Amino acid sequence: MNWTFFHKLGSPKWFYDISGKWLPWLQVISLVLIVVALVWGLAFSPSDYLQGNSYRIIFIHVPASFLAQSVYLMMATAAAVTLIWKIKLADMALKVMAPIGVSFCILSLVTGAIWGQPTWGTWWVWDARLTSMLILLFLYIGIIALRGAIHTTEAAAKACAILSLVGVVNIPIIKFSVDWWNTLHQGATLKLTEKPSMAPEMLWPLLLAIVGFYLFFMMVMVLRLRIEIISRERKTRWVKELVS
Amino acid sequence: MYFDSWSGFLAMGGHGFYVWSAYAFALAVLAYNLISPFMAKRRVIEKVRRQERLMHRKVVVDDFRVTTGSSDNSGNRSANPTLQKHRPERQEAGPESAKRSPQ
Amino acid sequence: MSNVDQQSMHGFSACLALIRRDLILAFRSPGQTINPMAFLLMVATLFPLGIAPDREVLSELSAGIIWIGALLAVLLSLDSLFKNDQDDGALDQLLMSPHPLPLLVLAKVFSHWLTSGFCLTLMAPLLAIMLHLPSDAFSPLMITLLLGTPVLSLAGAIGAALTVRVQRGGVLLTLLSLPLYLPVLIFATGAVNASIQNLPYTGHILWLSVFLILGICLAPLAIAGALRVINE
Amino acid sequence: MLKVVQLSCERDDRLLFSNLSFQLGRGEILQIEGRNGAGKTSLLRIIAGFSSSLGGDIFWNEQPLSTVYADFRLDCFFLGHKPGLKLDLTPLENLTWRAKLANTIINREILLAALDRVELAGYEDIPCSHLSAGQLRRVAFAGLVASPAKLWILDEPFTAIDIEGVSWLEKLFDEHTQQGGMVLVTSHQPLADRQGKLRRLNLEHFAAVCRGLPHRGLLMT
């Protein structure tokens, strides 16, 4: 089986050139989408009959929560690629995705807490979703701390890969046990996000915001990945020519 | 526009404080994500340039030592620690570095 | 050259030798086992001083106090699990062994559980009395501790393996292991509280045993992987 | 028979050595030389299977090492910088758990005979914490004597060893090579080449010229 194509796919230099081409497009589209979605959600969609206008926080809380969880899953796949095929680019992606993921996890927690205040009258509620998001934050912090603690790049790469795989195995377990624990103690509280039964003029800005946030994430990841490539390949000739 | 007036839009039916604080924090997170790559870029570029200067200066020092034939290294007792670290790697012509064949 | 099948592999006796070695070490320097137990005792006495000594409050909190204390005590004792072997070179011999590493690691975690989790379980009734735990909640407490503490050792050993070469890796170890402890804590305290309100708690016990079996199957693979990787 | 082909090793983004190839046949001793930091220990740890190399292959009995690991470890004895002994245990207990771990069949007599050979006859039940560094090294050598491994991988075995200890060890190497064994050893002092079986390899000849590597491989270690 000729693997050269697959390995070419993983070559940092190839990725650097390709991403250079379609990065500007990604930047423009993601920022436009986010602005349109938030303006639409804030100004034009109607207010909720029950929660009034405080529900408009949904347009940033839901995308941030989705992003926090899917970034962790992306990190787990990058970890699997690092361990199985030992492609350097995958480890660089793993190292780069962690800070972005943790920033959106914190954003989701903060917006969830702010939203909880008008809805339940307290800043922090041990709601199942918020609690499992908090535990996801712990998993993120674990990976970033481990990356910082081990200095040799090869060992740090594989250790973080193993930790994120162990973490991803635990996410369903944690979600299940937190949900079970939550229903045991509090009964069904008002769910933060209604299911798609939302009115269409509320649903469309939300979907737009979600797509905008994902594109924004990809743009930031590519930006950081390019810098990580330069820093890791600083000894190679193409980086020296690039920089000087 | 759902709200009748600009001030109504700001007040958000009494929930203005929560909505705008949430959006302000979101703006901060998005801005952080946008700005940090550019700061990191400057740091890395600086590091690569410094490594280049070091490599360049070392070659000059080696040529100087060879031309003046000064055997001991007293000639360039520079206080720069990174230079000291580089000195043991001899720069003899030797075979160009190994052609690496990717698996 | 002899090859593998001619020479029979005594994997099990290697594990027994490893467990025997660790138990002898534990008896020769009992600090490793006594400290976590003393720590649990102290933590259990902090709560009545900190919150309230009267019976109703304590009996409600006692399950949580004992379990959280046991969890933190196991975390304390995990730091030296692989570090001692790393410092005197025994870890290299472990990695050089022809026997499968996950099996040897399982033996090592089992001996660690014997010297930490198991002793804490033996101590739990004493604490339960101190904290006015209702008498019918004693048996679920013991069962959950017996099922739960091995999972704590297994999950914590993954963090221990990852931080074996990190100088002051103690705090990092807790950071890595705590998220893995939460399901066990939730179901264990859930079982004891359910028995206090005389509700059936067999469901919780079954889920704890699910976590135990999952831990026994998956954790050694992760630990062995981490040890091999860390030794660059 | 151990064969290494085109081995290259990288530590912390610094290429230690590349294009290293050598063979170690039955009854041969190979001494690895090189200044500190040339990668001697890294080379031994790669061959022993602890760490992975940037490129190149290692063959054991003409088969790639990655497929015959168990067989290789059955026939290999690794001695690192640290003696690998538990200080609270006695030499006898230490040698038993290490032998059991290496799947070698031993009993008390074999171990006592091995301890006797390293002149530690009376010390078998004294905790290792009472022994000196040199004596600890000799307990590790007793493990070496008692093990049936064909390939010995020894990392700087002569540290903390006095003069006649060194000659004793060289005698042990000769004995081992006569029985068809192989010794891979790193040390700074040149070994006495008694039977013409000794070969030396200096790692610095394989040190990479580190001016602008053309294009580093895609794969990490």
Side-chain angles (χ1 to χ4, degrees), chain A residues 72 76 79-80 82-84 86 91 98 102 105 126 128 131-186, chain C residues 64 148 151 154-191 193-194 197 199 201 203-204 207-208 210-211 214-215 217-232:
Chain A
Y72 198 89
T82 317
L83 284 179
I84 297 166
K86 294 186 174 54
D91 170 58
V102 80
C105 194
W126 287 98
T131 321
S132 22
M133 186 60 73
L134 186 63
I135 298 167
L136 184 64
L137 179 66
F138 297 156
L139 289 174
Y140 271 118
I141 291 172
I143 289 184
I144 294 173
L146 187 64
R147 175 74 67 173
I150 301 175
H151 301 305
T152 49
T153 43
E154 298 89 12
K158 294 197 183 139
C160 290
I162 288 180
L163 185 61
S164 44
L165 285 179
V166 165
V168 91
V169 166
N170 268 285
I171 281 190
I173 301 173
I174 290 174
K175 246 187 208 341
F176 164 74
S177 38
V178 166
D179 287 349
W180 174 86
W181 163 79
N182 185 273
T183 49
L184 181 77
H185 286 284
Q186 259 171 346
Chain C
V151 183
L154 280 163
I158 299 175
L162 285 171
T163 57
V164 75
R165 289 183 92 97
V166 178
Q167 270 72 28
R168 283 161 305 288
V171 180
L172 182 61
L173 170 63
T174 31
L175 219 59
L176 305 185
S177 316
L178 266 180
L180 315 180
Y181 281 2
L182 297 173
V184 176
L185 181 67
I186 289 173
F187 279 99
T189 40
N193 291 334
Q197 298 142 16
L199 297 165
Y201 56 86
H204 309 80
W207 270 111
L208 274 179
V210 163
F211 293 146
L214 200 66
C217 301
L218 295 182
L221 300 176
I223 300 165
L227 284 178
R228 286 243 182 268
V229 146
I230 281 293
N231 259 294
E232 282 303 320

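Every value quoted in this text rests on a predicted model; they were computed, and no experiment measured them. Proteins come first, then strands; the chains are lettered A, B, ... in the order of their sequence lines, and each starts at number 1.
- Applying a 4.5 Å heavy-atom cutoff, the residues of residues 166-175 of chain C that approach chain A are C:Val166, C:Leu172, C:Leu175.
- Residue A:Leu146 touches chain C through both its backbone and its side chain, counting heavy-atom pairs closer than 4.5 Å.
- Scanning both residues, A:Ala159 and C:Ile230, for their nearest heavy atoms gives CB-CD1, 4.0 Å.
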message = Pair A:Val166, C:Leu162 - check side-chain contact (heavy atoms from CB on, under 4.5 Å), show working.
response = CA-CA 12 Å; A:Val166 165; C:Leu162 285 171; over 6 Å; no

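- Counting heavy-atom pairs under 4.5 Å between each of C:Leu180, C:Leu182, C:Leu218 and chain A puts C:Leu180 at the top.
- Comparing C:Ala194, C:Pro179, C:Gly225, C:Gly159 by heavy-atom pairs within less than 4.5 Å of chain A, the highest count is held by C:Pro179.
- Only the side chain of C:Ile158 comes within less than 4.5 Å of a heavy atom of chain A; its backbone N, CA, C and O stay farther away.
- Heavy atoms of C:Leu178 lying under 4.5 Å from chain A are absent altogether.
- Interface summary for chain A: among C:Ala222, C:Ala161, C:Pro183, the most heavy-atom pairs under 4.5 angstrom belong to C:Pro183.
- Classified by interplanar angle (parallel below 30°, tilted 30° to 60°, perpendicular above 60°), the ring pair A:Phe176/C:Phe187 is parallel.
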